[in-house]
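Right, one structure below, let's go through it.
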There are 2 protein chains.
Amino acid sequence: MATKRRMGDPQSPTAQAILDGAERVLQSSGYGAITSRAIAEEAGIKHQLVYYYFQDIDDLLLAAFKRRMAQGIERLRENASADKPVRAMWENFTSAISATLEFEYMALANHHDGVRQEIVRFLTEARALEAAIIERAYREKGIDRPAISPNALAFLITYCSMSLVREKGIGCTVAHGEIEALFEQFLNTLE
Amino acid sequence: MATKRRMGDPQSPTAQAILDGAERVLQSSGYGAITSRAIAEEAGIKHQLVYYYFQDIDDLLLAAFKRRMAQGIERLRENASADKPVRAMWENFTSAISATLEFEYMALANHHDGVRQEIVRFLTEARALEAAIIERAYREKGIDRPAISPNALAFLITYCSMSLVREKGIGCTVAHGEIEALFEQFLNTLE
DNA sequence: GTCTATACACCGATAGAC
DNA sequence: GTCTATCGGTGTATAGAC
């Protein structure tokens with residue numbers, strides 16, 4: 001149910017600055033610290049202005065998440081047209097992803113149905129893009145009956161890279177070398 | 001820096017009830033909703049009593065997390081002496097784990113150094129236990145040069161199971177059948 | 001061991017002026 | 001589009017009585 005109060009365009013530069021501020025707070029202090037006042041301070045505006053551009057905090061968080069997921073899809077499309085697409089995808093996941101932010105959004109999704117639905121939407125679309133990239137690589141290498149199906153490999157690449165980044169982030173690297181070698185070996189068979 | 005106020009034993013039944021209450025709030029509403037009042041209501045006590053048993057909320061959260069990790073290690077030890085240890089471990093991870101709670105703690109760790117350190121401690125200990133279980137299975141099957149090292153397999157089992165549980169929890173099952181078949185096939189070679 | 005009372009700060013959200 | 005002002009609600013943490 002929308003409020004009756006007067007509101008501005010969520011695509012305006014100020015609204016985007018608010019989303020940037022929200023993600024900085026999310027990154028540095030977590031979703032528990034997301035308040036209109038904290039966001040406004042990060043964005044360099046008065047806190048009441050947040051409510052001119054967004055219905056409420058949940059609405060704002062959903063907008064920030066949607067924007068980020070759109071960027072993720074965009075990067076995947078770039079990977080698809082790279083020289084070595086599967087490797088580009090792997091390197092994208094192991095470098096460009098902020099595990100901190102990802103986990104904040106995941107925890108947020110536990111109790112924010114809009115974000116949860118958006119994650120499902122994103123996962124479905126991303127998995128399809130990833131599987132298409134892998135399928136083409138298999139085909140070009142003449143691999144007819146791969147031991148790991150494109151969908152399954154997409155799953156493995158997604159979550160192994162995320163877990164590696166995550167563990168590194170908290171200061172734990174047990175068995176990382178072995179996992180990285182495993183994927184390196186697999187990537188080589190596709191090039 | 002400890003407070004000067006008078007405090008009770010964190011091992012007492014009331015303190016344990018407070019920890020139970022905290023985990024229920026964590027599960028149902030997330031770490032952002034963790035307040036002394038919400039926890040007390042779940043535990044059926046007055047909110048001020050929380051501060052008789054714990055220094056502050058961060059201290060309480062760390063205690064709850066440590067207790068949970070100790071249970072995880074305990075279950076792993078049980079798996080080790082099961083009939084089919086690697087399968088027991090896999091089934092433990094895919095059934096007994098609450099992905100919701102896990103992700104709340106992970107996000108919490110982003111901004112709670114005590115929890116972060118405890119995760120590292122737990123991961124290190126758990127990974128060693130898991131690798132030992134796998135190594136023994138390899139040995140008993142006479143597999144001398146496994147394609148996937150014990151450490152690497154421990155990593156894969158941990159994060160693939162967690163990701164499967166997580167995705168199911170948010171309502172997404174793309175490629176799950178393929179991943180499950182892959183692990184099923186691998187488990188069979190060890191039995 | 002548990003209660004009442006209380007300080008002080010912060011937050012979400014809105015109304016209305018400029 | 002941005003500001004001032006403001007309301008009611010909720011949080012942490014402590015002191016002291018029972």
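Just so we're on the same page: letters track the sequence lines, and every chain starts at 1. As the structure is a computational prediction, the values presented were derived from the model and not from experiment.
- Of the side-chain N and O atoms in A:Ser36, none sit less than 4.0 angstrom from OP1 or OP2 of C:dC11.
- Between B:Ile34 and A:Asp9, the residue whose closest nucleotide on DNA chain D is further toward the 5' end is A:Asp9.
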side-chain contact (heavy atoms from CB on, under 4.5 Å) evaluation trace for A:Phe93 with A:Met162: CA-CA 7 Å; A:Phe93 290 172; A:Met162 180 190 291; over 6 Å; no
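- In terms of polar N and O atoms assigned as donor or acceptor, the side chain of A:Arg6 never comes within less than 3.5 Å of the base of C:dT14 in a complementary pairing.
- For C:dA13, the OP1/OP2 oxygens have no side-chain nitrogen or oxygen of A:Tyr52 closer than 4.0 Å.
- Between A:Leu49 atom CG and C:dA13 atom C1' the separation is 14 Å, expressed in whole Å.
- In this structure, the side chains of A:Phe54 and A:Leu62 stay at 4.5 Å or more apart for every pair of heavy atoms.
- Of the listed nucleotides (C:dC11, C:dA15, D:dC3), C:dC11 has the atom at the smallest distance from the side chain of A:Thr35.
- Between A:Asp56 atom CG and C:dC11 atom P there is a gap of 16 Å when expressed in whole angstrom units.
- Checking B:Lys4 against B:Tyr51, the closest nucleotide of DNA chain D that is more toward the 5' end is the one next to B:Tyr51.
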Contact list (N/O, under 3.5 angstrom) for nucleotides 5-9 of chain C vs protein:
unit_1 : atom_1 : unit_2  : atom_2 : d
C:dA5  : N6     : B:Gln48 : NE2    : 2.9

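- Between B:Thr14 and C:dT2 there is a side-chain N or O to OP1 or OP2 distance below 4.0 Å.
- Summarising the geometry, the separation between CE on B:Met7 and P on C:dT2 is reported as 13 Å, rounded to the nearest angstrom.
- Using cut-offs of 30° and 60° for the angle between ring planes, the A:Tyr31 and B:Tyr31 rings count as tilted.
- If you check the side chains of A:His111 and B:Glu104, you find a donor sitting under 3.5 Å from an acceptor.
- Residue contacts for A:Ile45: at a heavy-atom cut-off of 4.0 Å it reaches no nucleic acid atom on any strand shown.
- Within the 4.0 angstrom heavy-atom criterion, no nucleotide atom of any strand lies near B:Phe54.
- Ring pair A:Trp90/A:Phe183 is parallel by interplanar angle, where below 30° counts as parallel and above 60° as perpendicular.
- There is a side-chain donor-acceptor pair under 3.5 Å between B:Gln16 and B:Arg67.
- One interatomic measurement links the two molecules: NZ of A:Lys46 to C1' of C:dA15, which rounds to 18 Å at whole-angstrom precision.
- Evaluation of the ring-ring contact (aromatic ring centres under 6.0 Å, His included) rule for A:Tyr159 yields A:Phe155 as partners, not counting sequence neighbours.
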